[in-house]
Amino acid sequence: MAKLAVKSAPAAPAPATFAAKAAGKPNSLTFPTGGPAAKKRRRTFRRPINTKGLAVFTRQLATLVKAGMPILRSLEVLARQEKRPAFREVVESIADTIRSGGNFSDGLAANPQVFDRLYINMVKAGEAGGVLDTVLDRLSLFMEKAQKIAGKVKAAMIYPVIIVMVAVIIVSILMVVVVPKFEDIFSGLLKGQALPVLTQALLTVSNFMKAHYLLAIGGTIAAWFGFKVFARTAFGRKIIDWLLIHSPVMGDLFLKAAIARFTRTFGTLLASGVPILQALTITRDTSGNVHIANAINIVHDRVKEGDSVAKPLESTHIFPGMVTSMIEVGEETGALPDMLARIADTYDEEVDNAVAGLTSVIEPIMIVFMAVMVGTIVIALFLPLVSIIENLT
């Protein structure tokens with residue numbers, strides 16, 4: 001079975017100074033840190049542009065470079081038309097780096113708050129191979145598809161979250177404002193008679209919420225911040241990521257999205273000329289899920305020992321058999337990057353179908369959920385009225 005050649009590469013480029021450039025090493029895998037000005041800029045602007053904006057910038061840059069415009073001139077054009085002052089400063093700093101004799105990737109590496117390792121290493125591979133225009137085009141396509149799939153997953157989550165929030169607001173208003181008024185009516189009409197169990201329970205909850213609404217609001221906020229802190233711990237991240245890909249309803253969607261992200265990232269890096277071990281390291285660090293990252297780490301170690309990608313990937317029991325089989329075929333035919341792109345396209349389509357299916361299922365569930373909550377309150381409030389009417393007759 002034919003296997004990809006294993007090229008060892010450092011997991012992360014080490015910083016260097018412009019002195020290294022002067023020493024005659026323009027193609028070194030190290031790059032400058034950008035100096036004090038860059039450090040000040042990183043402290044001032046943590047996130048000068050979002051993912052969608054960066055994808056648009058990359059597409060524009062790829063178009064200009066493919067049209068034959070030099071990279072420096074392309075950056076100057078984009079800097080002039082950039083509306084965001086913070087990101088305009090970043091683009092201008094990259095142009096300054098190129099004017100000073102550095103590479104495009106050197107300028108990117110001086111702004112890690114904007115450009116991640118995947119972006120920098122793909123550009124570096126394009127510069128080394130003299131195919132920067134192709135790599136930029138491939139990178140822009142990758143970012144656009146990644147943005148699209150992330151948007152679809154978020155869209156699937158927005159609807160139920162909004163419905164739950166609306167339900168909580170409506171129920172809170174009913175419990176704090178409307179239900180106490182009914183309690184006064186019942187005490188005047190029933191004259192000491194016992195209330196139905198459901199009504200008494202509703203009034204008890206209403207009185208508690210009215211008397212301790214600050215405690216309820218504070219508890220909700222504290223629970224939210226507690227969850228955020230828990231999610232930042234290694235154990236919390238592990239638990240949450242496991243639930244995301246194993247939950248009964250949404251798990252399949254998150255797993256398919258994670259597989260699409262893995263295969264597209266890995267395939268794009270390989271197609272751009274990044275060595276396989278370095279590509280696996282970058283893919284692991286950008287996977288977005290602890291369990292997917294651990295599986296990729298196992299593959300990295302096995303490939304480093306001379307094994308293929310498919311067999312250790314199958315041994316993790318996370319990726320479906322279809323994925324590992326197609327990767328194995330790609331390795332045997334020497335077309336692994338193309339096969340990975342096909343897998344990503346297939347799972348992108350599966351995510352589309354999963355989102356459409358979830359939307360059609362969640363909508364009636366949420367409607368029933370709201371109907372049950374509001375209906376329970378209405379029934380509890382009208383049960384005493386039925387008793388009052390019966391006594392009058």
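Nearest heavy atoms, Ala295 versus Ile318: CB-CD1, 4.1 Å. Across all non-hydrogen atoms, the minimal contact from Ala293 to Arg284 is O-CG, 3.4 Å. Closest approach of Thr233 to Gly236, counting heavy atoms only: OG1-N, 3.0 Å. Closest approach of Pro337 to Leu270, counting heavy atoms only: CG-CB, 3.8 Å. The heavy-atom pair separating Ser272 from Met122 by the smallest distance is OG-CE, 3.1 Å. Contact detail for Ile343 and Val323: the closest heavy-atom pair is CD1-O, 3.8 Å.
In this structure, Phe227 places its CZ atom where only 12 or fewer heavy-atom neighbours from other residues, nucleotides or ligands lie under 6.0 Å away. Within 6.0 Å of CZ on Arg88 lie more than 12 heavy atoms contributed by other residues, nucleotides or ligands.
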(request) Show your working on side chain to side chain donor-acceptor pair (under 3.5 Å) between Ser105 and Glu127 and close with a plain yes or no. (result) CA-CA 8 Å; Ser105 57; Glu127 290 175 331; 2.7 Å; yes
(request) May I have the step-by-step check of side chain to side chain contact (heavy atoms under 4.5 Å, CB included) for Met373 and Ile170, ending in yes or no? (result) CA-CA 10 Å; Met373 291 188 66; Ile170 291 175; over 6 Å; no
(request) Decide yes or no on side chain to side chain contact (heavy atoms under 4.5 Å, CB included) for Tyr347 and Arg264, but give the supporting numbers first. (result) CA-CA 10 Å; Tyr347 273 86; Arg264 192 170 300 284; over 6 Å; no
(request) Could you give me the CA-CA distance, side-chain angles and deciding distance for Leu139 and Leu118, then say whether side chain to side chain contact (heavy atoms under 4.5 Å, CB included) is met? (result) CA-CA 9 Å; Leu139 183 57; Leu118 184 148; 3.8 Å; yes
(request) Evaluate salt bridge (Lys or Arg N to Asp or Glu O under 4.0 Å) for Glu76 paired with Arg99, printing each intermediate quantity in order. (result) CA-CA 11 Å; Glu76 290 172 345; Arg99 293 190 194 97; 2.9 Å; yes
(message) Assess the residue pair Leu54 and Phe115 against the criterion (side chain to side chain contact (heavy atoms under 4.5 Å, CB included)); give the C-alpha distance rounded to whole Å, side-chain angles, the decisive distance to 0.1 Å, and a yes or no.
(response) CA-CA 9 Å; Leu54 185 59; Phe115 306 99; 3.6 Å; yes
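Put simply, the side chain of Ser287 gets close to the backbone of Asn289: a donor and an acceptor are under 3.5 Å apart. Counting only distance, with no hydrogens or angles, the side chain of Thr199 and the backbone of Leu195 share no donor-acceptor pair below 3.5 Å. No side-chain donor-acceptor contact under 3.5 Å links His291 to the backbone of Asp241. In this structure, Thr265 contributes its side chain and Phe262 its backbone to no donor-acceptor pair below 3.5 Å. Under a 3.5 Å cut-off, the side chain of Ser206 and the backbone N or O of Leu202 do not form any donor-acceptor pair. Side-chain atoms of Glu331 come within 3.5 Å of backbone atoms of Ala310 as a donor-acceptor pair (strictly under, hydrogens ignored). In terms of modelled atom types and a separation under 3.5 Å, the side chain of Asp307 and the main chain of Val303 share no donor-acceptor contact. Without hydrogens or angle criteria, Arg261 side chain to Thr286 main chain gives a donor-acceptor distance under 3.5 Å.
Annotation: side chain of Ser315 is in contact with side chain of Arg302 (closest heavy-atom distance under 4.5 Å). Put simply, the side chain of Asp285 does not reach to within 4.5 Å of the side chain of Asp116, judged on heavy atoms. Taking the side chain as every heavy atom from C-beta outward, Leu141 and Arg138 never approach each other to under 4.5 Å. You'll find the side chain of Lys304 reaches within 4.5 Å of the side chain of Leu277, heavy atoms only. Side-chain atoms of Met143 and Tyr119, non-hydrogen and from C-beta on, do get closer than 4.5 Å to each other. Val77 is listed as a side-chain neighbour of Arg80, based on a closest heavy-atom distance under 4.5 Å. Taking 4.5 Å as the limit, some side-chain heavy atom of Ile276 sits within range of a side-chain heavy atom of Val309. Taking 4.5 Å as the limit, every side-chain heavy atom of Glu144 sits out of range of all side-chain heavy atoms of Thr58.
Within the model, atoms CG of Leu72 and CD1 of Ile98 stand 5.5 Å from one another, a figure rounded to the nearest 0.5 Å. Rounding to the nearest 0.5 Å places OG of Ser308 at 9.5 Å from CD of Glu314. With values rounded to the nearest 0.5 angstrom, Ile282 atom CD1 is found 3.5 Å from Asn121 atom CG. Of the inter-residue distances, the one linking His300 atom NE2 with Glu305 atom CD reads 11.0 Å to the nearest 0.5 angstrom. Atoms CE and CD1, from Met175 and Ile377 in turn, are 5.5 Å apart once rounded to the nearest 0.5 Å. The CD1 atom of Ile259 sits 6.5 Å away from atom CD1 of Ile292, with the distance rounded to the nearest 0.5 Å.
A salt bridge between Asp252 and Lys256 is present, with a side-chain N of the basic residue lying under 4.0 Å from a carboxylate O of the acidic one.
Side-chain heavy atoms closer than 4.5 Å link hydrophobic residues (I, L, V, M, F, W, Y) into clusters, and following such links, even through other members, never connects Val368 to Val164. Under a hydrophobic clustering in which Ile, Leu, Val, Met, Phe, Trp and Tyr are joined whenever their side-chain heavy atoms come within less than 4.5 Å, directly or via other members, Ile367 and Ile163 fall into different clusters. Leu174 and Met370 end up in the same hydrophobic cluster when Ile, Leu, Val, Met, Phe, Trp and Tyr side chains are linked at under 4.5 Å. Leu243 and Phe235 fall within the same hydrophobic cluster, where Ile, Leu, Val, Met, Phe, Trp and Tyr residues are linked whenever their side-chain heavy atoms come under 4.5 Å apart, directly or through other members. Residues Val229 and Ile221 fall into different hydrophobic clusters, defined by Ile, Leu, Val, Met, Phe, Trp and Tyr side chains chained together at heavy-atom separations under 4.5 Å.
Under the side-chain contact (heavy atoms from CB on, under 4.5 Å) rule, Leu61 has a single partner from Val56, Asp137, Ile71, which is Ile71. Only one option out of Thr268, Asp348, Asp345 pairs with Lys145 in a side chain to side chain donor-acceptor pair (under 3.5 Å); it is Asp345. Checking each of Asp106, Val114, Leu75, Leu78 against Ile94 for a side-chain contact (heavy atoms from CB on, under 4.5 Å) leaves exactly one that passes, namely Leu75.
Between Phe87 and Phe57, the ring-plane angle classifies as perpendicular under the 30° and 60° cut-offs.
Residues satisfying the ring-ring contact (aromatic ring centres under 6.0 Å, His included) test with Phe382, not counting sequence neighbours, are none. With sequence neighbours excluded, the residues forming a side chain to side chain contact (heavy atoms under 4.5 Å, CB included) with Ala125 are Val274, listed by chain and number.
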